[in-house]
There are 2 protein chains.
Amino acid sequence: MADTAIPIGELSRRTGCNIETIRYYERIGLMPAPPRRGRYRSYGGGDVVRLGFVRRARELGFTLNEVRALLGLAAGGDTTCAEVRDLAAVHLKDVRARIADLKRMERVLADSVRACDAGQEPGCPLIDTLYAEPRAPAPRG
Amino acid sequence: MADTAIPIGELSRRTGCNIETIRYYERIGLMPAPPRRGRYRSYGGGDVVRLGFVRRARELGFTLNEVRALLGLAAGGDTTCAEVRDLAAVHLKDVRARIADLKRMERVLADSVRACDAGQEPGCPLIDTLYAEPRAPAPRG
DNA sequence: CTTGAGTCTGTAGTCACTACAGACCGTATA
DNA sequence: TATACGGTCTGTAGTGACTACAGACTCAAG
């Protein structure tokens with residue numbers, strides 16, 4: 001009852017992945033096409049595990065192509081750990097770059113909002129920032 | 001020579017915004033359709049300023065719809081500073097949420113890569129993480 | 001006259017979904 | 001038996017913010 005003939009709605013509930021997305025994953029070959037009971041898809045315990053893997057990888061920010069690669073590596077023996085490590089390391093670098101980008105944005109935005117709150121300057125500090133020359137280091141002191 | 005009859009390629013060079021994107025902005029009404037010299041678009045200094053504004057707002061992570069709003073507010077008087085501030089504050093919250101998300105990813109990824117490097121455990125630490133139950137707090141001591 | 005660079009329109013692809021429309025299926029209830 | 005309801009099906013199109021062509025044209029220099 002728990003592991004066989006799971007309909008798509010329950011797979012969705014168990015994994016937190018919505019139905020349309022599950023069908024989408026099937027269409028792009030990330031999830032195998034399951035057998036049918038009549039016209040309806042019928043999943044098993046393995047599908048729950050696999051889809052869970054996919055979802056957790058996605059939550060770590062891996063692209064679907066990277067997830068595909070990870071699934072392939074996971075299916076292989078344990079000789080592939082180095083490859084997995086490399087994939088993760090590349091991705092980690094990317095995540096860190098995105099964090100750095102966002103922090104730069106955060107700084108500028110926070111400065112502008114603070115300046116707005118202070119309300120000392122004429123005009124609007126954020127609008128001024130947006131009109132200002134790019135990459136000019138603001139004089140401060 | 002500097003301010004009139006600027007062809008799209010030069011506008012692109014001056015703003016760092018690529019040509020296809022400029023035409024895309026025109027199509028969606030973010031940039032006005034400029035007059036033509038023959039069949040060619042002919043921009044002026046105002047377009048350089050406006051597109052620069054757009055680009056800088058995009059670099060701060062505002063969506064195109066937010067940029068549209070900002071452009072509208074910037075065109076108004078200076079009575080709109082509070083509205084700009086609110087827009088920026090909402091966006092700032094969003095940026096901070098994204099940073100928090102990415103940091104969570106970073107932590108998990110960094111842990112896995114480190115565990116890989118240590119190479120003590122059997123199997124692959126990252127693959128194990130991906131197969132593991134969601135949100136189970138890892139025992140650590 | 002030809003070459004090359006620049007520009008034009010229009011369409012389709014990217015990523016990872018998401019949102020329908022409209023049909024069908026199986027069961028519980030009146 | 002009728003019907004209502006919830007679940008599922010296929011297929012297509014939309015999202016955001018571009019990006020990438022194809023194939024035609026314009027213009028100036030050599």
Side-chain angles (χ1 to χ4, degrees), chain A residues 1 5-31 33-44 47 50-71 91 94-95 98 101-102 105, chain B residues 1 5-31 33-44 47 50-51 53-71 90-91 94-95 98 101-102 105:
Chain A
M1 192 189 249
I6 301 168
I8 198 167
E10 204 190 322
L11 180 60
S12 169
R13 248 168 279 119
R14 286 205 206 175
T15 56
C17 181
N18 100 21
I19 292 181
E20 322 269 44
T21 305
I22 296 171
R23 286 198 283 250
Y24 167 70
Y25 285 167
E26 181 183 323
R27 224 167 36 245
I28 65 169
L30 200 65
M31 290 293 289
R36 303 280 177 128
R37 289 207 146 213
R39 301 175 190 279
Y40 294 2
R41 288 171 182 81
S42 176
Y43 295 95
D47 296 308
R50 187 183 174 97
L51 186 52
F53 183 102
V54 170
R55 292 273 78 187
R56 281 185 284 279
R58 290 289 302 129
E59 273 165 26
L60 288 179
F62 288 100
T63 65
L64 289 183
N65 272 341
E66 288 169 328
V67 175
R68 222 185 284 269
L70 286 171
L71 282 166
H91 179 55
D94 195 79
V95 167
R98 271 151 67 206
D101 271 6
L102 285 168
M105 295 180 200
Chain B
M1 192 190 252
I6 300 169
I8 197 167
E10 204 189 324
L11 180 60
S12 168
R13 247 167 279 121
R14 286 205 206 175
T15 56
C17 180
N18 102 21
I19 293 181
E20 323 267 44
T21 304
I22 296 172
R23 287 197 284 248
Y24 167 71
Y25 286 167
E26 182 183 323
R27 225 168 34 247
I28 64 170
L30 199 65
M31 290 292 290
R36 303 279 177 128
R37 291 207 143 212
R39 301 175 190 280
Y40 293 3
R41 289 170 180 81
S42 176
Y43 295 96
D47 296 307
R50 186 183 174 96
L51 186 52
F53 183 102
V54 171
R55 291 273 78 188
R56 282 185 284 279
R58 290 289 301 129
E59 273 164 27
L60 288 179
F62 287 101
T63 65
L64 289 183
N65 272 342
E66 288 170 327
V67 174
R68 223 185 284 269
L70 286 170
L71 282 166
V90 167
H91 179 54
D94 195 78
V95 167
R98 270 151 67 205
D101 270 6
L102 285 168
M105 294 181 200

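Values below: all heavy atoms of this structure, side chains included; hydrogens, waters and symmetry mates excluded. What you are looking at is a predicted structure, and each value in this text was computed from that prediction instead of being measured.
Between D/dT19 and B/Thr21, a contact under 4.0 Å exists linking OP1 or OP2 to a side-chain N or O. Look at B/Arg36 and you'll find a side-chain N or O under 4.0 angstrom from OP1 or OP2 of C/dT9. Taking side-chain N and O atoms only, B/Arg23 has no distance below 4.0 Å to OP1 or OP2 of C/dT9. Note on B/Arg39: every side-chain N or O is 4.0 Å or more away from OP1 and OP2 of C/dC8. The phosphate of C/dT18 (OP1 or OP2) has a side-chain N or O of A/Asn18 nearer than 4.0 angstrom. Close to C/dT9, at under 4.0 Å from its OP1 or OP2, lies a side-chain N or O of B/Arg41.
The minimum heavy-atom distance linking A/Arg68 with A/Leu30 is given by the pair CG-CD1, 3.9 Å.
Rounded to whole angstrom, the span from the CD1 atom of B/Ile6 across to the P atom of C/dT7 amounts to 12 Å. As a whole-Å value, the separation of A/Leu11 CG from D/dG7 C1' is 14 Å. Taking atom CG of A/Leu30 as the reference point, atom C1' of C/dC17 lies 13 Å away to the nearest angstrom. B/Glu26 places its CD atom 16 Å from the P atom of D/dC18, with the value rounded to the nearest Å. One interatomic measurement links the two molecules: CE of B/Met31 to P of D/dA17, which rounds to 17 Å at whole-angstrom precision. For the pair B/Phe62 CZ and D/dG16 C1', the interatomic distance rounds to 17 Å; values are reported in whole Å. The CD-C1' distance, from B/Glu10 to C/dG6, rounds to 13 Å in whole Å. With rounding to whole Å, A/Tyr24 atom OH is found 16 Å from D/dG11 atom C1'.
No donor-acceptor pair under 3.5 Å is formed between the side chain of B/Glu10 and the backbone N or O of B/Pro7. A donor-acceptor pair under 3.5 Å links the side-chain atoms of A/His91 to the main chain of A/Leu60, judged by distance alone. In this structure a side-chain-to-backbone donor-acceptor pair under 3.5 Å is missing from B/Ser42 to B/Arg36.
Residue B/Ile28 is classed as having no contact, given no heavy-atom separation below 4.0 Å to the nucleic acid. Among the heavy atoms of the strands lying under 4.0 Å from B/Tyr25 are primed sugar atoms or P, OP1, OP2 only; no base atom is included. If you check every strand for non-hydrogen atoms under 4.0 Å, B/Arg37 touches nothing. Residue contacts shown for A/Arg68 are absent, as no nucleic acid heavy atom lies under 4.0 Å away.
With a 6.0 Å radius and a threshold of 12 heavy atoms from other residues, nucleotides or ligands, A/Arg37 has its CZ atom at or below the threshold.
Listed candidates were C/dC17, D/dT8, D/dT26. Nearest to the side chain of B/Tyr40 is D/dT26. Set against D/dC9, C/dT9, D/dA17, the side chain of B/Arg58 has D/dA17 as its closest nucleotide. Checking C/dT7, D/dA17, D/dC9 against the side-chain heavy atoms of B/Thr63 singles out D/dA17 as nearest.
Residue A/Glu20 is the one, among A/Glu20 and B/Arg27, whose nearest nucleotide of DNA chain D lies closer to the 5' end (criterion: closest heavy atom).
A side-chain donor-acceptor contact under 3.5 Å links A/Arg55 and A/Tyr25.
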